[in-house]
Trainee: 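One structure, as structure tokens, below. Some questions next.
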Amino acid sequence: MANFAKPGGPRFSVDVYQNEYLPEGGREVNAIVTVTAKGGAAPSGPSASAAVVLMVDCSGSMDYPPTKMRNARDATAAAIDTLRDGTHFGIVDGTHVAREVYPGGGRLAVADPTTRAQAKQALRRLGAGGGTAIGTWLRLADRLLAGADVSIRHGILLTDGRNEHESAAELKNTLDACAGRFTCDARGVGTDWEVKEVTGIASALLGTADIVADPARLTEDFTRIMESTMGKEVADVALRVWTPVGTRIKFVKQVAPTVEELTDRRTEAGPRAGDYPTGSWGDESRDYHLCVEVPAAGLGQEMLAARVSLVAAQPDREVQNLGAQGLVRAVWTDDMAASTSLNAQVAHYTGQAELAQAIREGLDLRRAGDMDGATAKLGRAVQLAGVSGNADTAKLLAKVVDVVDAPTGTVRLKAKVAEADEMTLETRSTKTVRVKK
């Protein structure tokens with residue numbers, strides 16, 4: 001384990017969990033890399049290093065029921081109250097176009113008692129009307145955030161409907177353009193929005209996604225999001241993975257607190273090294289699964305399969321090495337007990353990734369009318385949730401299927417499922433539990 005303390009910021013450490021032993025001819029090395037940041041400055045003081053833009057859906061559907069718009073205004077006001085003094089912030093009204101609500105003029109305000117009061121006054125003018133083009137909201141947020149001289153740039157996006165006034169390709173182009181420029185948490189309120197759109201936004205922009213089925217819960221959720229954002233201290237952290245000649249990285253994925261595929265997001269970082277983005281960090285810990293294919297070697301030989309380090313790489317700024325480092329090794333042995341033993345961390349998170357996939361595939365099959373296929377996939381999900389101790393996911397699955405026998409994955413699809421329950425299961429399917437160390 002190696003660690004590093006950024007002056008005034010958190011101390012980063014890296015721990016590697018793996019079974020380093022391979023049988024003769026073995027070529028696949030798996031490791032769980034735990035990255036921990038702790039001991040940063042207290043998040044209660046003034047902050048001039050963060051900027052946040054809140055994007056509020058103001059399309060016509062936000063007026064059905066009328067309390068939904070009021071709940072959105074109240075939640076945004078609560079989030080503004082949670083801002084630390086010195087934080088740059090702005091509010092965007094999102095319909096089929098994007099409009100600055102506060103402060104206006106293509107700039108952000110700086111949080112203090114006066115600007116908070118002005119922003120909450122401006123919120124009272126928000127009303128519902130128009131369509132939905134989420135890409136325009138994100139592009140305006142990007143322009144506003146780019147003008148702030150800060151390290152942490154973050155968006156909070158709320159929608160209650162489908163992105164009907166722009167194409168999927170237009171939204172993807174926007175996400176590609178915004179990726180790496182700011183992070184964004186996305187929330188769907190009610191049940192008339194598209195899960196894959198909301199989770200896709202959060203995934204592309206390295207934020208969180210969730211459902212708020214009851215609009216009355218928005219204030220609680222927005223406050224929690226802003227508290228988390230105010231706790232971020234280091235932006236644009238990347239896992240830098242170096243591998244020797246002859247090796248190939250099969251995949252890199254985050255596996256806790258959620259499953260997030262990072263393999264295709266690699267950017268080259270010098271000879272045989274690549275960076276995988278992880279977003280902004282506060283006082284927290286996350287787990288990553290690294291799979292490396294190595295050249296076959298003889299019994300008794302060993303090699304360094306990969307070296308994992310951490311860097312902070314903001315656009316147009318010098319890359320900062322955060323110092324923390326972990327090593328992934330490969331050792332070839334004829335000891336069958338050693339080479340066939342599954343590392344507990346690797347086995348646990350392999351199951352968690354399969355659980356998320358089984359839920360997504362099962363729900364897709366159910367919607368397509370393939371009830372046998374859906375039963376098999378969701379039954380497997382119930383089985384995996386039980387084995388891994390993922391009680392929250394097991395409870396969500398029990399609202400979609402009747403569990404006959406959890407250990408064998410024997411289930412029956414419920415004849416009638418509340419839309420909110422199905423959407424909650426799909427939205428939260430990637431949430432994992434950590435293995436007991």
Side-chain angles (χ1 to χ4, degrees), residues 53-73 75-76 90-101 123 125-144 155-179 181-182 184-205 207-215 217-218 221-222 225 360 363-364 366-369 417-430:
V53 172
L54 297 109
M55 293 160 273
V56 183
D57 190 339
C58 292
S59 60
S61 57
M62 286 292 287
D63 227 5
Y64 300 96
T67 51
K68 193 191 297 182
M69 192 73 239
R70 185 175 71 242
N71 291 141
R73 287 193 295 263
T76 306
I91 306 168
V92 168
D93 167 338
T95 59
H96 53 284
V97 293
R99 181 178 66 89
E100 296 176 56
V101 175
L123 281 173
R125 299 192 296 269
L126 284 184
T132 306
I134 294 174
T136 66
W137 316 353
L138 292 166
R139 286 189 181 274
L140 177 54
D142 182 33
R143 290 196 297 272
L144 293 171
I156 298 174
L157 185 148
L158 173 71
T159 184
D160 82 323
R162 293 171 175 81
N163 196 41
E164 295 175 335
H165 288 80
E166 68 180 355
S167 67
E170 287 174 316
L171 178 57
K172 183 182 184 305
N173 289 340
T174 295
L175 292 173
D176 289 344
C178 293
R181 294 175 59 80
F182 67 96
C184 185
D185 293 318
R187 294 294 184 269
V189 60
T191 57
D192 292 329
W193 48 280
E194 179 61 50
V195 171
K196 288 182 173 59
E197 284 178 353
V198 170
T199 56
I201 291 166
S203 176
L205 302 182
T208 64
D210 207 350
I211 178 175
V212 186
D214 180 359
R217 302 293 297 274
L218 277 174
D221 188 73
F222 266 39
I225 295 174
R360 289 195 303 271
L363 292 176
D364 284 344
R366 184 177 177 277
R367 284 189 287 265
V417 177
E419 192 169 15
D421 290 336
E422 182 176 338
M423 292 177 70
T424 301
L425 175 60
E426 184 174 10
T427 305
R428 299 178 183 173
S429 63
T430 60

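Just so you know, these numbers use all the heavy atoms, side chains as well, and skip hydrogens, waters and symmetry mates.
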Trainee: Of all residues at least two apart in sequence or in a different chain, which pass the side chain to side chain contact (heavy atoms under 4.5 Å, CB included) check with Glu194?
Mentor: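 Testing Glu194 for side chain to side chain contact (heavy atoms under 4.5 Å, CB included), a comparison that skips the adjacent residues, returns Arg162, Lys196, Glu197.
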Trainee: If you apply the rule side-chain contact (heavy atoms from CB on, under 4.5 Å), what do you find for Val101 with Val92, and how did you get there?
Mentor: CA-CA 5 Å; Val101 175; Val92 168; 5.9 Å; no
Trainee: Can you check side-chain contact (heavy atoms from CB on, under 4.5 Å) on Glu170 and Asn163, steps first, answer last?
Mentor: CA-CA 10 Å; Glu170 287 174 316; Asn163 196 41; over 6 Å; no
Trainee: Please determine whether side chain to side chain donor-acceptor pair (under 3.5 Å) holds for the pair Arg187 and Thr159, giving the CA-CA distance in whole Å, both sets of side-chain angles, and the decisive distance to 0.1 Å.
Mentor: CA-CA 6 Å; Arg187 294 294 184 269; Thr159 184; over 6 Å; no
Trainee: Between CG of Asn173 and OG of Ser167, what distance do you get to the nearest 0.5 Å?
Mentor: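 One finds 7.5 Å between CG of Asn173 and OG of Ser167.
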Trainee: Restricting to non-hydrogen atoms, name the atom on Ala141 and the atom on Val53 that form the minimum distance, rounded to 0.1 Å.
Mentor: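 Taking every non-hydrogen atom into account, CB-CG1, 3.9 Å.
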Trainee: Once you round to the nearest 0.5 Å, how far does OG1 of Thr174 lie from CH2 of Trp137?
Mentor: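 That separation rounds to 12.5 Å.
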Trainee: Find the distance between OG1 (Thr191) and CG (Asp421) and round it off to the nearest 0.5 Å.
Mentor: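 Rounded to the nearest 0.5 Å, the OG1-CG separation comes to 10.5 Å.
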Trainee: Determine the sole option in Leu138, Leu140, Ile134, Ile156 for which the side chain to side chain contact (heavy atoms under 4.5 Å, CB included) test with Met55 is passed.
Mentor: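 Passing option: Leu138.
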Trainee: Would you give the length of the straight line joining atom OG1 of Thr76 to atom CD1 of Ile91, rounded to the nearest 0.5 angstrom?
Mentor: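 Interatomic distance, Thr76 OG1 to Ile91 CD1, rounded to 0.5 Å: 6.5 Å.
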Trainee: Write down the atom of Ala133, the atom of Glu166, and the distance for their closest heavy-atom approach.
Mentor: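 Answer, listing the atom of Ala133 first, then Glu166: C-OE2, 3.7 Å.
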Trainee: For the residue pair Ala204 and Leu175, what are the closest heavy atoms and their distance?
Mentor: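 In terms of heavy atoms, the two residues are closest at CB-CB, 4.0 Å.
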Trainee: Tell me the side-chain hydrogen bond (donor to acceptor under 3.5 Å, both in side chains) pairs involving residues 64-73, sequence neighbours left out?
Mentor: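 Listed by first then second residue: Lys68-Asp160.
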Trainee: Quiz question: by atom type and distance under 3.5 Å, do the side chains of Asp185 and Thr208 form a donor-acceptor pair?
Mentor: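 Yes.
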Trainee: Are more than 12 heavy atoms from other residues, nucleotides or ligands located less than 6.0 Å from atom CZ of Arg367?
Mentor: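 Yes - once you tally the heavy atoms of other residues, nucleotides and ligands closer than 6.0 Å, there are more than 12.
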Trainee: I need the Ile211 CD1 to Glu422 CD distance, nearest 0.5 Å.
Mentor: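 One finds 10.5 Å between CD1 of Ile211 and CD of Glu422.
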Trainee: Would you call Thr430 and Arg360 a side-chain contact if the rule is heavy atoms closer than 4.5 Å?
Mentor: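 In short, these two side chains touch, coming nearer than 4.5 Å.
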Trainee: What do the steps show when you test Asp210 against Arg428 for side-chain contact (heavy atoms from CB on, under 4.5 Å), and what is the final call?
Mentor: CA-CA 7 Å; Asp210 207 350; Arg428 299 178 183 173; 2.7 Å; yes
Trainee: For the pair Val56 and Met69, evaluate side-chain contact (heavy atoms from CB on, under 4.5 Å) and give the outcome as yes or no after the intermediate values.
Mentor: CA-CA 9 Å; Val56 183; Met69 192 73 239; 4.2 Å; yes
Trainee: To the nearest 0.5 Å, how far apart are CG in Asp364 and CD in Glu426?
Mentor: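 Taking CG in Asp364 and CD in Glu426, the distance rounds to 6.5 Å.
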Trainee: Of the non-hydrogen atoms in Leu157 and Cys184, which two are nearest, and what is the gap between them?
Mentor: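 Looks like CB-SG, 4.0 Å.
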Trainee: A side-chain contact here means heavy atoms from C-beta on lying under 4.5 Å apart; do Ser61 and Asp192 qualify?
Mentor: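 A side-chain contact is absent here, since even the closest heavy-atom pair is not under 4.5 Å.
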Trainee: If you compare all heavy atoms of Met62 against all heavy atoms of Ala72, which two are closest, and at what distance to 0.1 Å?
Mentor: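 Taking every non-hydrogen atom into account, CE-CB, 3.7 Å.
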Trainee: Please find the pair of heavy atoms, one from Ser59 and one from Gly131, that lie closest to each other, and give the distance.
Mentor: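 Minimum heavy-atom contact is CB-O, 3.2 Å.
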Trainee: Do Thr95 and Thr132 have side chains that get closer than 4.5 Å, going by heavy atoms?
Mentor: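 The answer is no; the side chains never approach within 4.5 Å.
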Trainee: Strictly distance-based, threshold 3.5 Å: is any side-chain N or O of His165 a donor or acceptor partner for the main-chain N or O of His96?
Mentor: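 No; zero donor-acceptor contacts below 3.5 Å.
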Trainee: Hey, does the side chain of Thr199 reach the backbone of Val195 with a donor-acceptor pair shorter than 3.5 angstrom?
Mentor: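 Indeed, once roles are kept as given, a pair shorter than 3.5 Å links the two residues.
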